[in-house]
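Inspection log for the structure reproduced underneath, given as structure tokens.
Counting starts at 1 for both ligands and their atoms, following the listed order.
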Amino acid sequence: MAGLLATEPAVISVPALAAWALRLELDLTPKPGLVDRANNGSHQDMDHALFLRSIAAITPWFSVFEQAGREHAHKAADVQLRLLRPAGIACEQAMFAATGGVNTHKGGIFSLGLLCFAAGRLQGQRRALQAETLCRQVSEICRGLVARELAARPQAVTAGEKQFLEYGLTGARGEAEQGFVTVRRAVLPFWHQEQGERRLQHALLRLMATNPDSNLVSRGGIAGLRYVQDYAATLLADGWDNDALSEMDQALMARHLSPGGSADLLAVAYVLAQLP
Ligand SMILES: CC(C)(COP(=O)(O)OP(=O)(O)OC[C@H]1O[C@@H](n2cnc3c(N)ncnc32)[C@H](O[C@H]2O[C@H](COP(=O)(O)OP(=O)(O)OP(=O)(O)O)[C@@H](O)[C@H]2O)[C@@H]1O)[C@@H](O)C(=O)NCCC(=O)NCCS
Ligand SMILES: Nc1ncnc2[nH]cnc12
């Protein structure tokens, strides 16, 4: 992306990278089914300006999460999520206040919040900040999350809970508990194959081709998920350009499909790709 290096954070700060990643993700255009600079994708209640307000509301919380990670660094991994959650929920509330109740970044707050918190924990333990150790920290902090919050719950309230009961999908929780396995396997090894904006689009395509995105399932069922996965896999195999992505955008809009979970994981991938 042309202006990318001009404003990228100079020192490695995971909260600064997280905020920057949200902005890069939002501005990436064309982006199938998602809100971007050109259109609102498959969304009636969101636009680019709303996402900017959401990012502004969320950004101060990333440093709060990092600070909390530092403060609690010497407590056991299995109590960490309980310590982080109140700040995570307060951040979600700040997002809803800024967007008039629209869910712009719930998944992004969860995943990037965990990365910031884990970065603080590593700092507090005087350990080096590396993508692999950071993901391992997130995995340890989230150990047992799927079993506790999805498997042990007889009644489903949120989209993620319903999809676990119906299809066994573990959504944002499963991805975090497995240390962002989809990002580590499907995206990071291929990060340097492309440059600039095309690099982010390539990463998004790779995510859409593999991620069991709960947003796609809640809008289009398993058939909707498969449609997007197959479409992205075909573009990756046959070659793609901006016109092909715009066509995919139209196809997803016609089907009311939005890969919101993959958009969140693109931001996670960007942060991890900046670390050693
Ligand atoms: C743990 C929570 C995230 C629980 O939320 P939930 O039970 O709803 O679980 P999921 O469905 O699994 O995930 C929630 C959001 O995560 C994103 N997501 C989906 N699939 C994946 C995946 N495979 N990997 C990673 N992330 C995933 C996704 O977020 C994005 O989409 C949202 C917009 O969707 P959209 O369909 O437009 O909007 P809706 O209003 O939902 O539907 P419509 O009516 O419009 O059709 C947007 O948020 C994107 O970010 C999922 O939505 C969590 O809520 C929780 O515990 N919160 C407390 C805070 C906390 O503890 N934080 C800790 C760290 S700070
Ligand atoms: N750009 C975007 N459009 C729609 N949903 C999203 N969730 C996260 N980023 C998004």
Side-chain angles (χ1 to χ4, degrees), residues 18 21-29 31-37 39-48 50-52 54-55 58 61-62 64-66 68-69 80-93 95-96 99 101-118 138 141-142 145-146 148-150 153 156-165 169-178 180-183 204 207-208 210-220 224-225 249 252 256-269:
L22 287 180
R23 184 60 198 264
L24 284 180
E25 181 273 300
L26 172 61
D27 282 351
L28 188 67
T29 306
K31 204 162 64 244
L34 296 160
V35 175
D36 58 24
R37 284 183 278 113
N39 63 42
N40 301 336
S42 304
H43 296 272
Q44 270 77 51
D45 56 354
M46 303 179 184
D47 60 17
H48 189 272
L50 187 82
F51 266 93
L52 286 179
S54 176
I55 293 171
I58 293 167
W61 288 93
F62 288 141
V64 174
F65 301 143
E66 186 191 47
Q80 298 289 326
L81 192 56
R82 222 176 317 135
L83 296 167
L84 170 63
R85 233 61 199 260
I89 291 166
C91 176
E92 273 183 14
Q93 285 166 353
M95 172 197 80
F96 283 124
T99 61
V102 178
N103 172 13
T104 38
H105 282 118
K106 193 163 122 182
I109 293 170
F110 181 72
S111 300
L112 295 170
L114 280 164
L115 282 179
C116 292
F117 184 76
V138 170
I141 291 166
C142 293
L145 187 59
V146 168
R148 273 195 317 276
E149 294 191 6
L150 295 178
R153 203 167 277 185
V157 179
T158 67
E161 290 163 7
K162 285 182 191 138
Q163 284 163 25
F164 180 78
L165 280 186
L169 295 178
T170 58
R173 294 179 182 85
E175 183 66 20
E177 185 168 355
Q178 291 183 72
F180 299 114
V181 65
T182 307
V183 174
L204 182 61
L207 285 167
M208 289 192 292
T210 48
N211 181 29
D213 192 322
S214 69
N215 289 103
L216 292 173
V217 180
S218 73
R219 286 178 174 221
L225 174 66
D249 194 17
L252 266 60
H256 190 57
L257 291 170
S258 167
S262 290
D264 292 335
L265 291 184
L266 177 62
V268 167

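For ligand 2, the atoms closer than 4.0 angstrom to any heavy atom of Asp264 are 8 (C). Atom numbering of ligand 2 starts at 1 in the shown order; those under 4.0 Å from a heavy atom of Ala263 are 8 (C), 9 (N), 10 (C). Taking every non-hydrogen atom of Glu25 and a distance limit under 4.0 Å, the qualifying atoms of ligand 2 come out as 1 (N), 2 (C), 8 (C), 9 (N), 10 (C). Shown in contact with Thr104 at under 4.0 Å from a heavy atom are these atoms of ligand 2, numbered in order with element: 7 (N), 8 (C). Listed by atom number, the atoms of ligand 2 under 4.0 Å from Lys31 heavy atoms are 1 (N). For ligand 2, the atoms lying closer than 4.0 Å to a non-hydrogen atom of His43 are 4 (C), 5 (N).
For the residues Ile109, Val268, Thr210, the heavy atom positioned nearest atom 65 (S) of ligand 1 is part of Ile109. Of the listed options Arg85, Glu149, Met46, Arg85 places a heavy atom closest to atom 56 (O) of ligand 1. Between atom 14 (C) of ligand 1 and the options Ala172, Gly88, Ala90, the minimum heavy-atom separation is to Ala172. Across Gln163, His43, Arg219, Met95, heavy-atom proximity to atom 45 (O) of ligand 1 is greatest for Arg219.
Considering backbone and side-chain N/O of Asp264, one or more are found under 3.5 Å from N/O of ligand 1. Considering backbone and side-chain atoms alike, Ser214 places an N or O below 3.5 Å from some N or O of ligand 1. Between Glu175 and ligand 1, no N or O atom pair is found at a separation short of 3.5 Å. In terms of polar-atom proximity, Asp45 is not counted as a contact of ligand 1, lacking any N or O under 3.5 Å from an N or O of the ligand. Taking only nitrogen or oxygen atoms, main chain and side chain alike, Thr170 does not reach within less than 3.5 Å of ligand 1. Here's the thing with Gly113: none of its N/O atoms is less than 3.5 angstrom from an N/O atom of ligand 1. Geometrically, ligand 1 and Ser111 share no nitrogen or oxygen pair separated by less than 3.5 Å.
The nearest heavy-atom contact from the protein to atom 34 (O) of ligand 1 is Asn215 ND2, 2.7 Å.
Proximity of a side-chain donor or acceptor of Glu161 to a complementary backbone N or O of Leu150 within less than 3.5 Å is not detected.
Separation of atoms CG (Leu266) and CG (Leu34) is listed at 9.5 Å; rounding is to 0.5 Å. For the atom pair CD1 (Ile55) and CG (Leu26), the distance works out to 5.0 Å, reported to the nearest 0.5 Å.
Within the structure, ligand 1 has Gly108 among the residues with a heavy atom less than 4.0 angstrom away.
Side chain to side chain, Ser262 and Asn211 meet the donor-acceptor criterion of an N or O pair below 3.5 Å.
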